[in-house]
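Data block below; observations after.
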Number of protein chains: 2
Amino acid sequence: MNTPRPPLNIGSVERDTGLGKDTLRAWERRYGFPTPDRDEHGERLYPAEQVDRLRLIKRLIDLGYRPGKLVGAGEEELALLGAQSMPVAATTDGEEIAPQKAAPLIERVLGELREHDLPALQQTLSQALLREGLQRFVIDTVGPLNIAVGEAWMRGEIEVFEEHLYTEQITTLLRQALAGLAPSGQPPRVLLTTVPDELHTLGLLMVQALLALEGASCIPLGTQLPLFDLRQAAIAHRADIVALSFSAAFPTRQLQPLVGKLRELLPPEVELWIGGGGCTRLRPLAGLRILPTLEGALSALEEWRQRR
Amino acid sequence: MNTPRPPLNIGSVERDTGLGKDTLRAWERRYGFPTPDRDEHGERLYPAEQVDRLRLIKRLIDLGYRPGKLVGAGEEELALLGAQSMPVAATTDGEEIAPQKAAPLIERVLGELREHDLPALQQTLSQALLREGLQRFVIDTVGPLNIAVGEAWMRGEIEVFEEHLYTEQITTLLRQALAGLAPSGQPPRVLLTTVPDELHTLGLLMVQALLALEGASCIPLGTQLPLFDLRQAAIAHRADIVALSFSAAFPTRQLQPLVGKLRELLPPEVELWIGGGGCTRLRPLAGLRILPTLEGALSALEEWRQRR
DNA sequence: TGTTCATTTTGTCCTGTACAAAGCGAGGTG
DNA sequence: CACCTCGCTTTGTACAGGACAAAATGAACA
C-alpha cells in the first residue's frame, strides 16, 4: 500500500511548496534544514518527508511565525499547530471571535471529506446554502470552513487532495449560485481579479457572490492579471472599483510595493479594494480600501452607494 | 492616457512571463536579449516593451519554435505570427483541418471582446451552447475559439485582459452546464486535475463536460495536485481513470519524467489519460493514453466501456 | 525512405557572495 | 505605563559564472 515516495529535485520542491530555490538553499545553509541528498551529479534530492515538513513550515510562516524558529527547531512545531490561534489574530479588533458558530456543520464536512463521500458533501453544502441564504452562507459558513479545513490539514487530519476536493466543491457551488443571479446592470461596476503568482480564487469568488447579491455589476477577470493590463481593463470597462484578493501565502516582500504601484497606475477615481488573508499586512494608503473581513466588503459597498 | 509603464525586476518578469530567472539571465548572456537596465544597486530592470516581447516569444516557443531563432532575431517574428499555423500542427494525422467551421461565430466573439460588451458576449456564447448542445459546443466551438483568441492576442488584436475575460466567461458557462447534469453514479470514475505549476483549467473543464455528458462519474480536484497526493486520491476514490491536462506552456523538460513517475506511482489498474496542448510532446508509454484531441477523450471512454 | 549517431542548443542547477527591507527589542520621552 | 525612535538581526532575493544532461537537429548510412 505505502509506495516509498520518490525524492524531489529543487525545482519540483519549489513548485510543490511555493518556496523559491534561493530560499531553499539559504535555509539549508543557515538553519541546517532541509538536508537533501544528492544525486550522482551533485544535485539536491529532497526526501518526501522533508517536503511535507517544508509545506507545513510554509503555512505556519504565512500565519505569522518566523522562519528562524520553525526551520531550526525539531518536532516542537507539533505543539504550535495544536495552538491553532495565530499570532496575527489580534489584527484590528476582536471581530473574529465567533468561529465555532458553525461547529457541527464543520465537523460534518470534515468527516465527509475524510470518507471521500462526494455526494454527501455536495448535499451538505448545498443544503447549508439553501438554509442560510447565499450571504450568510458565504460569511458564516464558508469563511470558518476554509479556516477549519486548513487547520485540519496542519494537524494532519486531512490530506492535501481532500482539501482540494473541498475547495473544488465550494467553488462549484458558489459559481452555480452566482450563475442564478441575473446581471443587475446597476452600479458600481466592480472588476475582480488577482495579480500574477496569486491563485487565491476562492476568496475572490466569495466577494463576488456578496457583491453581486447586492446588485453590483461584477466583471470577473480570472486570476493572474499583470498590473498594467489591470489598468487597461479598468479603463476599458469603466470600472468604479477594482477588487483584488491576496492570500496569506503571498510574499510580504512584494505586497506593499506592488499595491502602491497599482494605485499609481489606476485612474484616481477608480477605487482599489484589497481583501484576503494577505491584506492585514498592508499599511494604509490614500485611495486604498483594506478589507480584512467579508463583512467589510458589504459595508464598503454600502458606503460607496451613499457617497453617490 | 498612456502612462509610461514602469520597468519590472527579474522576479516580476518571471511571474509575468513564466520564464525562470535562470533562463532570463541565460538568454541575456547568450543571445544578447533581453537587455535590462540596472537600478542603483546593479539589479536588472526590464522595460515593459521587452517584457511584452518576452511574453510573445514564450508563446511562440510553446508553439514549437526554437528560442535561438526567436530571441536572437529582431522584428521578423512579426512575419512568423502572421503565419499562424504552427510547425507542430502535423502531429498525428491531419485531423485538425476544420478550424474555420465556426468562423462567423469566432469573428463575432472577437468583436465583442474588443468592445468589452460583456452581456453580448455572454449571450452569444450561451446561445451557441444551446443551439449546438454541450458536446458539439465544446468540441466544435470552444476548441477553435480558444485557438483563435490566442492567435488574436499574438497578432496584437486583443489584449491580455480581454483574453482573461473570454476564459472566465467560458469557464462560467461550462461550469453552469456541468452543474445542470445530475451525477450519474455510473462507471467509470474519473479523477480530473493538473500537476503543480500547471494552471490549465479550461481544458480540464472541457473534458469534464464531455465525460460527464456521457454519464461518467467525474471527480474534479482542482489544479496543482502534487504527484503523490494524486496517487492517494486515486486510491481513496477508487478511480478507474486519472485524467490530466497539460498546456503547451508546460516545460517540455519536465513533462516526460513527470508522467513516467506518475505512471509508476499509480496502481496499474488505474488508467492514465493525458490531454491538452502539451501532450503531443509525450512519447508513448505502457499504461498511458495520450489524447491530443477532445474527440479522443470520447472514443477512449467508449473503448473503456467496451472493455468492461 | 527510414534509422543511427554526433553535435548543437537550451533549460536548469551549482557555489558563494551581497544587500536592503522587514521585524524585533532596547532605550528614551510624554 | 504607553508610545515612539533607532539600531541590530533576520530573511528573502538578487548577482556572477561555471557546469552538465536531455532534447533537438542534421548528417551519414542502410
Side-chain angles (χ1 to χ4, degrees), chain A residues 7-15 17-31 33 36-46 54 57-58 60-62 64-72 87-88 197 249-258 260 278 280-283, chain B residues 8-15 17-31 33 36-46 54 57-58 60-62 64-72 87-88 197 249-260 278 280-283:
Chain A
L8 303 182
N9 63 21
I10 197 169
S12 308
V13 176
E14 176 177 42
R15 282 195 300 278
T17 63
L19 296 163
K21 296 194 237 282
D22 286 321
T23 304
L24 287 167
R25 287 192 276 251
W27 284 6
E28 183 180 338
R29 192 184 336 131
R30 288 177 185 152
Y31 312 120
F33 183 87
D37 306 321
R38 299 293 176 126
D39 67 6
E40 71 279 5
H41 191 59
E43 306 198 343
R44 274 163 253 254
L45 282 181
Y46 293 83
L54 286 169
I57 290 173
K58 173 64 157 57
L60 289 172
I61 288 174
D62 295 340
Y65 295 96
R66 300 294 305 269
K69 316 282 176 183
L70 297 173
V71 185
V88 203
D197 226 28
F250 195 85
T252 313
R253 259 315 169 34
Q254 296 151 10
L255 188 57
Q256 189 79 36
L258 193 145
T280 53
R281 288 170 295 169
L282 266 173
R283 274 193 297 276
Chain B
L8 304 182
N9 62 23
I10 197 169
S12 307
V13 176
E14 176 177 41
R15 282 195 301 280
T17 63
L19 297 163
K21 295 194 237 282
D22 284 319
T23 305
L24 287 167
R25 287 192 277 252
W27 284 5
E28 185 179 337
R29 194 186 328 141
R30 289 177 186 152
Y31 312 119
F33 183 88
D37 305 322
R38 300 292 177 130
D39 67 6
E40 71 279 4
H41 190 59
E43 305 197 345
R44 274 163 253 254
L45 283 180
Y46 293 84
L54 286 169
I57 290 174
K58 173 64 158 58
L60 290 171
I61 288 173
D62 294 342
Y65 295 96
R66 302 294 304 270
K69 316 282 176 182
L70 296 173
V71 185
V88 203
D197 228 28
F250 195 85
T252 314
R253 260 317 171 31
Q254 296 151 11
L255 188 58
Q256 189 78 35
L258 193 146
V259 171
T280 53
R281 288 169 295 169
L282 268 173
R283 273 193 297 276

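Every chain is numbered from 1, with letters handed out A, B, ... down the list of sequences.
- The side chain of B:H41 places no N or O atom within less than 4.0 Å of a non-bridging phosphate oxygen (OP1 or OP2) of C:dA18.
- Atom-to-atom, OH of B:Y65 to P of D:dT25 comes out at 13 Å; the value is rounded to the nearest Å.
- When rounded to the nearest whole Å, the span between CG of A:D39 and C1' of D:dA19 equals 13 Å.
- Rounded to an integer number of Å, the gap from CD of A:E40 to P of D:dA19 is 19 Å.
- Regarding B:L258, its CG atom lies at a distance of 17 Å from the C1' atom of D:dA23, rounded to whole Å.
- Remark: A:R283 engages no residue in a salt bridge (charged side-chain N to carboxylate O under 4.0 Å, His left out) (not counting sequence neighbours).
- Looking at residues two or more places apart in sequence or on another chain, you find no side chain to side chain donor-acceptor pair (under 3.5 Å) involving A:Q256.
- Using a 4.5 Å heavy-atom threshold, the side chains of A:L70 and A:P67 count as separate.
- Summary for the helix from C:dG2-D:dC29 to C:dG30-D:dC1: the axes at its two ends, each from 5 pairs, differ by 30° when rounded to the nearest 10 degrees.
- Following rounding to the nearest Å, B:D62 (CG) and D:dA23 (P) show an atom-to-atom distance of 17 Å.
- Under the salt bridge (charged side-chain N to carboxylate O under 4.0 Å, His left out) criterion, B:R38 pairs with B:E28, not counting sequence neighbours.
- For A:Y46, the ring-ring contact (aromatic ring centres under 6.0 Å, His included) criterion is met by no residue, not counting sequence neighbours.
- The side chain to side chain contact (heavy atoms under 4.5 Å, CB included) test applied to B:R25 returns B:I10, B:K21, B:D22, B:R44, not counting sequence neighbours.
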Under 4.0 Å protein heavy-atom contacts per nucleotide of nucleotides 12-18 of chain D, with B for base, S for backbone only and - for none: BBBSS-B
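- Taking A:T17 as the reference, A:V13, A:L19, A:V51, A:L54, A:R55 meet the side chain to side chain contact (heavy atoms under 4.5 Å, CB included) condition, with sequence neighbours excluded.
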Below 3.5 Å between N/O atoms, which protein atoms pair up with nucleotides 5-8 of chain C? Just atom names and distances, please.
none

Report all interatomic pairs (protein N or O, nucleotide N or O of nucleotides 1-3 of chain C) with separations under 3.5 Å.
none

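- Taking A:D197 as the reference, nothing meets the side chain to side chain donor-acceptor pair (under 3.5 Å) condition, with sequence neighbours excluded.
- Going from atom CD of B:Q256 over to atom P of C:dT12 covers 16 Å, rounded to whole Å.
- Here B:E43 pairs with nothing under the side chain to side chain donor-acceptor pair (under 3.5 Å) rule; sequence neighbours left out.
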